[in-house]
Amino acid sequence: MILHQWTKNPQEAIAIQKQLASQIERTDRLPATINYIAGVDIGFEQQNDTTFTRAVIVVLEYPSLKVVDYALHREVTRMPYIPGLLSFREVPAAIAAFQQLKQQPDLIMVDGQGIAHPRHLGVASHLGLWLDKPTIGVAKKRLCGKYQTVPEHKGSWTPLEDKGETIGAVLRSKDNINPLFISIGHRVCLNTAISWVTNCLTKYKLPEPTRQADRLASRRVVEERIFKEWNIE
DNA sequence: GCGACAG
DNA sequence: ATCTTGTCGC
């Protein structure tokens, strides 16, 4: 279902975000059993005078964390990067990639903020609302909010607060490595978001869903060997 | 006015 | 995000 037009006008985009933010669900509404978790990431390719947006979405089986499906979509980049309006640049491509999946996920982790955003509608929230799926924002940097120093050991976290409310969690996903910024995307409460990200952590900074998506999104060319490596097709 | 600013 | 070499540390 179409929620709105993907305007390229900043003023209109801000108005749309304010209207959509009220529809975000901050409490759990996800399957009792999670069998498939998706990871989303976007990369860019410069080809002479044109910039292409490349969206990658991978689906991992849980708890094995094995990749069972993935999709990729390229399109000419529609908007420049403007802090706070990232979803209007990246989400359309992510939706196109999502529609190619054969295995539907029960939960989606997105590279970027969820409600930890000036108008409470980061990429993870916007994508979740559009797809009507549970989503979690997994960002590597802070967009807004304040937080206390996080203990250095893996698993510890401190609240990310803005204007008197908790908008996310600053989570140490690996010992002595910069923390991740976790926030509600849609249909998942903060504690549930934190536990699912934690459940998907192995020996790296990023949880497996976004780490695997990142591997493809940040690649110059998607070679055939990737298919074999994941035993797909 | 000045600084901050996901990817 | 992307452009890029070496380098410090577990």
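Protein chains get the first letters and strands the later ones, always in sequence-line order, with residue 1 at the start of each.
- Spacing between atom CD1 of A:I42 and atom P of B:dG7 amounts to 12 Å, rounded to whole angstrom units.
- A:G84 comes within 4.0 angstrom of a base, heavy atoms only.
- Salt-bridge annotation for A:R54 and A:E45: present, with a side-chain N of the basic residue lying under 4.0 Å from a carboxylate O of the acidic one.
- Rounding to whole angstrom units, NZ of residue A:K141 and C1' of B:dC5 are separated by 9 Å.
- At the phosphate of C:dA1, OP1 or OP2 sits under 4.0 Å from a side-chain N or O atom of A:K140.
- One finds a side-chain N or O of A:R142 lying less than 4.0 angstrom from the OP1 or OP2 phosphate oxygen of B:dC5.
- Taking every side-chain heavy atom of A:Q113 into account, B:dA6 is the closest of B:dC5, B:dG7, B:dA6.
- A:L86 has its CG atom 21 Å from the P atom of B:dA4, to the nearest Å.
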Fill in: Full working for salt bridge (charged side-chain N to carboxylate O under 4.0 Å, His left out) between A:D111 and A:K140
CA-CA 8 Å; A:D111 191 321; A:K140 296 181 288 296; 2.9 Å; yes
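- One side chain, A:S64 or A:E61, offers a donor N or O that lies under 3.5 Å from an acceptor on the other.
- The separation between A:I177 atom CD1 and C:dC10 atom P is 11 Å, rounded to whole Å.
- Between the C1' atom of B:dA6 and the CD atom of A:Q17 lies a distance of 12 Å, rounded to the nearest Å.
- Residue-level contact check: A:N176 touches neither bases nor backbone, having no heavy atom under 4.0 Å from any strand.
- Taking the 5.5 Å centre cut-off and the 30° plane limit, the aromatic side chain of A:Y81 is not classed as stacked on C:dA1.
- Atom NE2 in A:H117 sits roughly 11 Å away from atom C1' in B:dC5 (whole-Å rounding).
- Distance, A:I167 CD1 to B:dC5 C1': 13 Å, rounded to whole Å.
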Practice prompt. Give the intermediate values and the outcome of side-chain contact (heavy atoms from CB on, under 4.5 Å) for residues A:I115 and A:R26.
Written response: CA-CA 9 Å; A:I115 65 170; A:R26 303 184 179 198; 3.7 Å; yes
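- A:E75 and A:T53 share no donor-acceptor pair across their side chains, judged by distance under 3.5 Å alone.
- Within the 4.0 angstrom heavy-atom criterion, no nucleotide atom of any strand lies near A:L121.
- We find that CZ of A:F52 is positioned 24 Å from P of B:dG7, with the value rounded to whole Å.
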